[in-house]
Amino acid sequence: MIRLFDSVHGEIRELQLRDAGEVSMYVCGPTVYDLPHLGHGRYTLIWDVARRWFTFRGLEVRFVSNITDIDDNIIARALRDGVDESEVARIYEDQWWDAMTRLGVARPSDTPHATQFVDQMVELISTLLELDVAYATSDGIYFDVSRVADYGLLAGQPLDSLRAGARIEANDEKRSPLDFALWKNAKPAEPSWSAPFGDGRPGWHTECVVMSLELLGDGFDLHCGGFDLKFPHHENERAQAVAAGRPFAQHWAHNGWVMVGAEKMSKSLNNFTSLTHLLEETDARAYRLLVLRSHYRSPIEVSPATIADAERALSRLDALARRFGLPALAGQTLEVKSSFNWEGPGLDLLERVCQKLDDDLDTPLAVALLFDAVSAANALADAGDEWSARALASAVAALFGALGLALESVGDEVDAASAALVSQRDQARAEKDWAEADRLRAELVALGWTVEDSDSGTQIRHS
RNA sequence: GGCGGCGUGGCCGAGUGGUUAGGCAGGGGCCUGCAAAGCCCCGUACUUGGGUUCGAAUCCCAACGCCGCCUCCA
């Protein structure tokens with residue numbers, strides 16, 4: 001049984017599945033008009049972890065995440081760069097998948113593009129117009145939030161109090177400041193699609209509700225996204241579904257954001273670091289470990305210091321993998337490691353880790369258990385209990401693998417010159433010529449190697 | 001104004017009524033030719049003021065500070 005915090009009820013609840021053994025989940029994806037930033041990295045990592053965990057637990061996961069390839073930001077970018085909107089979307093979508101690949105985020109089962117679902121969006125808007133929950137203004141079609149009885153469910157407050165705080169909008173044709181655009185009328189030189197209620201393009205909130213329902217069907221299980229999407233984006237998606245009489249997501253999960261110092265990282269504050277940039281100079285696994293070490297609903301600080309901290313913690317895991325020659329059990333695939341032989345202390349670890357992760361995806365506690373197991377495995381090996389040590393260490397690698405973190409046991413490629421120094425050093429050590437051995441070690445270190453002695457002689461890897 | 005979250009040891013970051021979170025950094029020891037890696041031990045923290053309790057970082061009340069959503073945002 002998987003339990004997960006549900007934003008609507010404000011408590012941890014059992015994840016009820018529409019179809020036994022199958023999870024249908026939707027994660028709001030990026031609008032592709034710029035490089036992905038660290039916030040995108042966090043949400044993709046944590047929901048990738050959730051997906052992998054559900055899969056590991058034997059559930060069949062249909063994981064849908066969209067690409068918003070038409071909206072105001074894309075149009076603005078196209079204008080700025082003097083290229084076509086579709087070109088902007090193509091460029092940044094490529095960047096997106098590059099970053100996802102490097103992060104080790106598995107491809108969603110489906111990656112719907114907004115522009116491919118315009119017909120269905122037009123259909124939904126027509127329905128909403130027929131039902132009189134939508135109305136036309138001079139610049140588009142708007143949704144009348146007052147027509148949804150429980151509007152404000154996700155925001156956690158009634159419509160009245162939301163309205164009280166709403167700021168004055170430029171558009172005074174709207175019946176309520178909270179009414180949102182379903183369709184924006186075509187403007188010259190902007191992409192548009194034909195519709196019975198006038199040519200134009202869809203609003204963002206309509207894109208997600210249509211794509212999720214279209215691919216996952218009515219009453220799908222789980223809708224995820226950052227906390228900042230809870231309102232108004234998710235509220236508005238839900239409002240449309242409710243108004244159209246279609247059961248929507250049964251469970252809502254939101255992740256905490258990335259902080260820069262004491263502030264949320266966001267586009268509007270222009271304080272974001274691009275994910276692309278981070279991945280150029282960092283082992284992507286460090287970001288995954290950093291994400292795993294805090295709870296998904298808490299804010300996290302991503303800075304050179306916290307990344308470096310995670311990198312050092314990671315090296316402890318890799319050292320374990322090297323010591324036991326453990327295979328890397330993660331990557332692009334979601335293969336369930338059913339063939340893995342859980343035994344002895346490894347089986348015990350599996351049970352305890354499952355207990356934590358099944359309870360609101362408590363990755364920080366699970367990671368703490370795994371680090372405890374690293375110490376225990378090393379201690380067992382030091383004490384000569386190879387069997388137990390190996391069973392435990394293998395389980396650690398398998399469980400990190402289940403969370404998408406591959407431990408690295410294979411050494412770096414060693415060039416001929418360095419290899420020669422290594423064998424010379426082994427020779428010197430065999431002859432107990434310590435001065436020469438130390439000199440050769442210094443030479444290797446100067447070449448950027450970390451040098452360690454082992455039973456089988458000098459081992460080197462990149463620092 | 002409405003709603004929500006947070007304040008933990010040098011740093012990051014869990015926990016939530018009584019037993020060690022974990023990682024990083026630091027100190028001591030073991031191991032090692034010396035190192036590295038690894039193992040063992042150590043720091044004795046919970047914004048402040050009240051209260052409840054045999055006992056609170058954990059519950060209640062108040063105060064202070066910080067952050068977020070209500071507007072494009074993951």
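FYI, side chains are in, hydrogens and waters are out, and symmetry mates aren't considered; it's all heavy atoms of this structure. Proteins get letters first, then strands, A, B, ... in listed order; numbering begins at 1 in each.
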NE2 of A:His254 to SG of A:Cys224, rounded to nearest 0.5 Å, is 8.0 Å
Within residues 355-368 of chain A, the residues having a heavy atom closer than 4.0 Å to RNA chain B are A:Pro364, A:Leu365, A:Ala368
With a 4.5 Å heavy-atom cut-off, do A:Arg441 and A:Thr458 have their side chains touching?
no
From the candidates B:C67, B:C70, B:G33, the one with an atom nearest any side-chain atom of A:Leu178 is B:C70
- prompt: When you check the phosphate oxygens OP1 and OP2 of B:A14, does a side-chain N or O of A:Ser298 lie under 4.0 Å from one of them?
  reply: yes
Looking at every strand, decide which applies to A:His37 at a 4.0 Å heavy-atom threshold: base, sugar-phosphate, or nothing. base
Taking Watson-Crick and G-U wobble contacts under 3.5 angstrom, with | marking pairs to another strand and [ ] crossing pairs, the secondary structure of RNA chain B is written (((((((..(((.....[...))).(((((.......)))))....(((((..]....))))))))))))....
- [ ] Report the C-alpha distance between A:Glu431 and A:Gln427 in whole Å, list the side-chain angles of each, state the deciding distance to 0.1 Å, and finish with yes or no for side chain to side chain donor-acceptor pair (under 3.5 Å).
- [x] CA-CA 6 Å; A:Glu431 291 163 6; A:Gln427 179 70 28; 2.6 Å; yes
Atom OH of A:Tyr151 and atom P of B:G2 are separated, to the nearest Å, by 20 Å
Of A:Arg312 and A:Ser375, the one whose nearest nucleotide on RNA chain B sits closer to the 5' end is A:Arg312
Q. Ion pair present between A:Asp360 and A:Arg3, side-chain N to carboxylate O less than 4.0 angstrom?
A. no
Rounded to whole Å, the CZ-P distance (A:Arg42 to B:C12) equals 16 Å
A:Asp438 has its side chain closest, among B:A25, B:C34, B:A36, to B:C34
In whole angstroms, the gap separating P of B:A25 from CG of A:Leu314 amounts to 13 Å
Before giving the answer on side chain to side chain donor-acceptor pair (under 3.5 Å), spell out for A:Ser375 and A:Asn378 the whole-Å C-alpha distance, their side-chain angles and the decisive distance to 0.1 Å. CA-CA 5 Å; A:Ser375 297; A:Asn378 278 315; over 6 Å; no
Of B:G33, B:A14, B:A37, the nucleotide closest to the side chain of A:Ser294 is B:A14
Would you indicate what A:Asn73 reaches in the nucleic acid, counting non-hydrogen atoms under 4.0 angstrom: base, sugar-phosphate, or nothing?
sugar-phosphate
(Q) Does atom NE2 (A:His462) have a neighbourhood of more than 12 heavy atoms from anything else shown, all under 6.0 Å? (A) yes
request  = For B:C46 and B:C12, measure between their C1' atoms and round to the nearest Å.
outcome  = 15 Å
field: N/O donor-acceptor pair, side chain A:Asp372 with base B:G22, under 3.5 angstrom
entry: no
With the side chain defined as heavy atoms from C-beta on, A:His295 is closest, among B:G38, B:A14, B:C70, to B:A14
Taken in chain and number order and not counting sequence neighbours, the residues that satisfy ring-ring contact (aromatic ring centres under 6.0 Å, His included) with A:Trp252 are A:His223, A:His234, A:Phe248
To the nearest angstrom, the CG-P distance between A:Asp455 and B:A37 comes to 17 Å
The ring-ring contact (aromatic ring centres under 6.0 Å, His included) partners of A:Phe180 (sequence neighbours excluded) come to A:Phe143, A:His205
Winner on side-chain proximity to A:Met265, out of B:A37, B:G22, B:A74, is B:A74
note: A:Phe227, atom CZ; B:C70, atom P; distance rounded to Å ~ 14 Å
Checking B:G2, B:C12, B:G33 against the side chain of A:Gln157 (C-beta onward), the nearest is B:G2
Residues of residues 420-431 of chain A with a heavy atom under 4.0 Å from any atom of RNA chain B, listed by number, are A:Arg425, A:Arg429
Quick note, A:Met259 side chain, CB onward, closest among B:C67, B:G33, B:C24 is B:C67
Does B:G22 have A:Phe371 stacked on its base, where the ring centres are within less than 5.5 Å and the planes differ by under 30°? no
Counting the atoms with a prime plus P, OP1 and OP2 as sugar-phosphate, which does A:Asn378 contact under 4.0 Å by heavy atoms, base, sugar-phosphate, or nothing?
sugar-phosphate
Q | Close side-chain approach of A:Ile300 and A:Met259, heavy atoms under 4.5 Å | A | no
side-chain contact (heavy atoms from CB on, under 4.5 Å) with A:Leu421: of A:Leu447, A:Val414, A:Asp415, only one passes, and it is A:Leu447
When rounded to whole Å, the CD to C1' distance for the pair A:Glu452 and B:G38 reads 10 Å
Contacts of A:Asp348 meeting side-chain contact (heavy atoms from CB on, under 4.5 Å) (sequence neighbours excluded), chain-then-number -> A:Arg352
Exercise for the section: Could you tell me whether A:Glu413 atom CD has more than 12 heavy atoms of other residues or ligands within 6.0 Å of it? Expected result: no
Practice problem: Measure distances between side-chain N and O atoms of A:Arg441 and base N and O atoms of B:A35, and say whether any donor-acceptor pair falls under 3.5 Å. | Solution: yes
Determine the contact category for A:Glu301: base if any of its heavy atoms lies under 4.0 Å from a base atom, sugar-phosphate if only primed atoms, P, OP1 or OP2 are that close, otherwise nothing. sugar-phosphate
Report which part of the nucleic acid A:Ser454 touches: base, sugar-phosphate, or nothing (heavy-atom distance under 4.0 Å, all strands).
-> nothing
(request) State whether the distance check finds a donor on one side and an acceptor on the other, under 3.5 Å, for side chain A:Asp228 versus base B:C72. (result) no
What does A:Val258 touch in the nucleic acid at a heavy-atom separation under 4.0 angstrom: a base, only the sugar-phosphate, or nothing? base
Exercise. Base, sugar-phosphate, or nothing for A:Gly256, non-hydrogen atoms under 4.0 angstrom?
Worked result: base
From CD of A:Glu311 across to P of B:G23 the rounded distance in Å is 18 Å
Residues A:Tyr296, A:Trp47; criterion ring pair (Phe, Tyr, Trp, His ring centres under 6.0 Å); working and verdict
CA-CA 9 Å; A:Tyr296 75 91; A:Trp47 299 120; 5.5 Å; yes
When rounded to whole Å, the CG to P distance for the pair A:Asp318 and B:G38 reads 11 Å
Under a 4.0 Å threshold between the charged nitrogen and the carboxylate oxygen, would A:Arg201 count as salt-bridged to A:Glu190? yes
